[in-house]
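Here the structure comes first, spelled out in structure tokens, and everything after it is commentary.
Residue numbers start from 1 in every chain, and the chains themselves are labelled A, B, ... in the order their sequence lines are given, proteins ahead of strands.
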Protein chains: 2
Amino acid sequence: MNAQNDDFENWDEIRTAYQVARLGTLSAAAAQLGVHHATVIRHIDALEARLGCKLFQRHARGYTPTEAGQDLLKVGAATEDQFAQLSGRLRGKGAEVSGELIVTMLSGLSPWLTPVLGVFQAQHPDLRLTVMLDERLLRLEYGEAHLAIRAGPKPTEPDNIVRLLGTFPVSLFAHRDYVARYGTLKSLEGLAAHRFVSGLKTAQRSPLDRWLGQNVPEDSIAFRASEPRSQSDAVIAGVGIGFLMSHIAAVHPDLVMMTDPLPEWQTPIWLVTHMAIHRTAKMQAISGFLSDNASVN
Amino acid sequence: MNAQNDDFENWDEIRTAYQVARLGTLSAAAAQLGVHHATVIRHIDALEARLGCKLFQRHARGYTPTEAGQDLLKVGAATEDQFAQLSGRLRGKGAEVSGELIVTMLSGLSPWLTPVLGVFQAQHPDLRLTVMLDERLLRLEYGEAHLAIRAGPKPTEPDNIVRLLGTFPVSLFAHRDYVARYGTLKSLEGLAAHRFVSGLKTAQRSPLDRWLGQNVPEDSIAFRASEPRSQSDAVIAGVGIGFLMSHIAAVHPDLVMMTDPLPEWQTPIWLVTHMAIHRTAKMQAISGFLSDNASVN
DNA sequence: CAGGTTCTGTGCATGAATGCACAGAATGAT
DNA sequence: ATCATTCTGTGCATTCATGCACAGAACCTG
């Protein structure tokens, strides 16, 4: 088997010989293959030498296949057909909105995006949708996730395709009970008199966490949580003032916006896919759907 | 069709991906293919990018094929099988002493070699043997002939495989009737008193013709013929003295050797084949047969 | 017959593919 | 926990495949 394999250690030479056998001249085969005719003749020379077998009778105006060349013509045609069918199947799969789809996002985006994804899945019943809430950067190239929805600076990992979902206003919110007890926020100079909810001090991954760290005394951070969802839960429970996207806060009638949103708080949201699957209909469909349906009214 | 073809414009990448899918690691595939693992990963990267489709899940300890990768595994296995069978058929044909065999030689060698070739053909009834007597240099690479039997200096055409059949003594012969009428050849100093048979004056391709041209007065060349066979016919008919190989002349009891053979008259005979077919059993068989059976006893 | 066109075949320069060397990740053994 | 082994992934240097430019052969047209 291995000894036989050595005869055909270059499948591209077979492809070239097949085209010459099919078309009859070096020039035509070269045009079909998109290479120079010198390349074609060299492939034929190499293949014939390796096989120790003449594949063609050579004439000034083209090549005619020998019996061996005709045999190779048949095998080459079958191979090309098989590859074309494989290509069609792969494209067919890629043209479907079906199969598994793993979406990863920060927990803070879940209350907003999970219902949207649910509607998408209802529209495509063949889709097996998985939503993973994870701070950790799931590896798109490892297939741990197919779509990552990220906030903050534009992701720059190589081999990733990044698309902006939108830039969303963020502001400081508190529960009305908190406001009744501690009062409103008169201005940004009065931050120290209030209690705040933030992320872990050691991390401060989010630009908003860093903003709080720079503008609020440490003694005024009343509550720290590793997950954004826990942070928003604390705000909703009246523990303190914290950042939320305006449209997420709008879902809660008991939340009060403490100050107008600053432009620097605006947060871009990115849809990230791996280039190897970006072109599939599935990925195009989910990206388009999120762009159309995750906007804030 | 052409659009589909573009997906698989590099059949060697498919071969590489097939080996990875089959063996599970880049290293194993690289070893099997005889390339570096860097080459393997680059072929996979290129193919996945071109297809826009993940073929593998990538892990630190190897690759597992996706559904698409498994599809490619099946197609690759079928392709490899088809190519292996093609290889077997070509080798099988090459292992047979059958089909067409065209042998070309000078006419002067025909009385000696044609019977030998006839015996060879009788031993291989599936062989379609053609003997072409031609001064013109038939193109081995064009398939006009498969085996050329040539005399004189060693042929040097590229892509030809040349094998010495033997070096044969040549001498000057005349018919006994000629000797009865004109006497014997006392020495090489008495050449002018005799009549000779030679090739065309304008050609003098053969070293023997040139020897005559240099050592015999032109008036003593009684008979010129373009074909060596015609020349030997004239000698046999008693027209004059002419060169023949000793073993060919020995077939004619009426021919008399006029002088001992000179070493410079010795003539090497070469078997010439084209490298593309040289290794086939057919060519090996005919070359071996001629070496064994065309010797002079 | 002469000239134009199409095609093959080859030496040399260029560009692309490949191998080398290294580093990092993951796993297993001690 | 540390070290060794296996494997993947990448930048750079080297090698090899390819394209360019040219010439020759064969055929067709005027």
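Here CD1 of Ile149(A) is found 4.0 Å from CE of Met105(A). Values are rounded to the nearest 0.5 Å. Atoms CZ and CD, from Arg22(B) and Gln19(B) in turn, are 4.5 Å apart once rounded to the nearest 0.5 Å. Separating the CG atom in Leu106(B) from the CZ atom in Arg150(B) is a distance of 9.5 Å, to the nearest 0.5 Å. Between the CG atom of Leu73(B) and the CG atom of Leu23(B) there is a distance of 9.5 Å, given to the nearest 0.5 Å.
When all heavy atoms of Arg163(B) and Ser291(B) are compared, the closest pair comes out as NH2-OG, 3.3 Å.
At whole-Å resolution of the value, CD1 in Ile41(A) and C1' in dG11(C) are 14 Å apart. Rounding to whole angstrom units, CG of residue Leu33(A) and P of dA17(D) are separated by 17 Å. In this structure, CG of Asp12(B) is placed 16 Å from P of dC16(D), rounded to the nearest angstrom. With rounding to whole Å, His59(B) atom NE2 is found 14 Å from dG28(C) atom P. dC7(D) atom C1' lies 15 Å from atom CZ of Phe56(B), rounded to whole Å. Note: CD (Glu9(A)) to P (dA17(D)) measures 10 Å, nearest angstrom. Here the C1' atom of nucleotide dG9(D) and the CD1 atom of Ile44(B) are 14 Å apart, to the nearest Å.
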Taking only nitrogen or oxygen atoms into account, show me every contact under 3.5 Å that the protein makes with nucleotides 14-18 of chain C, one pair per line with its distance.
unit_1  : atom_1 : unit_2   : atom_2 : d
dT18(C) : OP1    : His43(B) : NE2    : 3.4
dT18(C) : OP2    : His43(B) : NE2    : 2.9

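Annotation: side-chain hydrogen bond (donor to acceptor under 3.5 Å, both in side chains) contacts involving residues 66-78 of chain B, sequence neighbours excluded, comprise Arg89(A)-Asp71(B). Residue pairs meeting the salt bridge (Lys or Arg N to Asp or Glu O under 4.0 Å) criterion with at least one partner in residues 32-47 of chain A, sequence neighbours excluded, are Asp45(A)-Arg58(A).
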Footprint string (nucleotides 1-6 of chain C, 5' to 3'): B base within contact, S backbone only, - free, heavy atoms under 4.0 Å: ----BB
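At a threshold of 4.0 Å, the pair Arg15(B)-Glu80(B) does not count as salt-bridged, since none of the basic side-chain nitrogens sits closer than that to a carboxylate oxygen.
Regarding contacts with the backbone of dT6(D), every side-chain N or O of Thr25(B) stays at 4.0 angstrom or more from both OP1 and OP2.
Partners of Tyr18(A) by ring-ring contact (aromatic ring centres under 6.0 Å, His included), not counting sequence neighbours: none found.
Defining each end axis of the helix from dC1(C)-dG30(D) to dT30(C)-dA1(D) as the rotation carrying four pairs' C1' atoms onto the next four, with five pairs an end, the two axes are found to diverge by 30° to 10 degrees.
Contact check for His43(B) versus Thr39(B): side-chain heavy atoms found under the 4.5 Å cut-off.
Remark: ring of His37(B) not stacked against base of dC7(D); the cut-offs of centroid gap under 5.5 Å and plane tilt under 30° are not jointly satisfied.
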Derivation and outcome, side-chain contact (heavy atoms from CB on, under 4.5 Å), residues Leu47(B) and Leu72(B): CA-CA 11 Å; Leu47(B) 191 56; Leu72(B) 185 141; 4.1 Å; yes
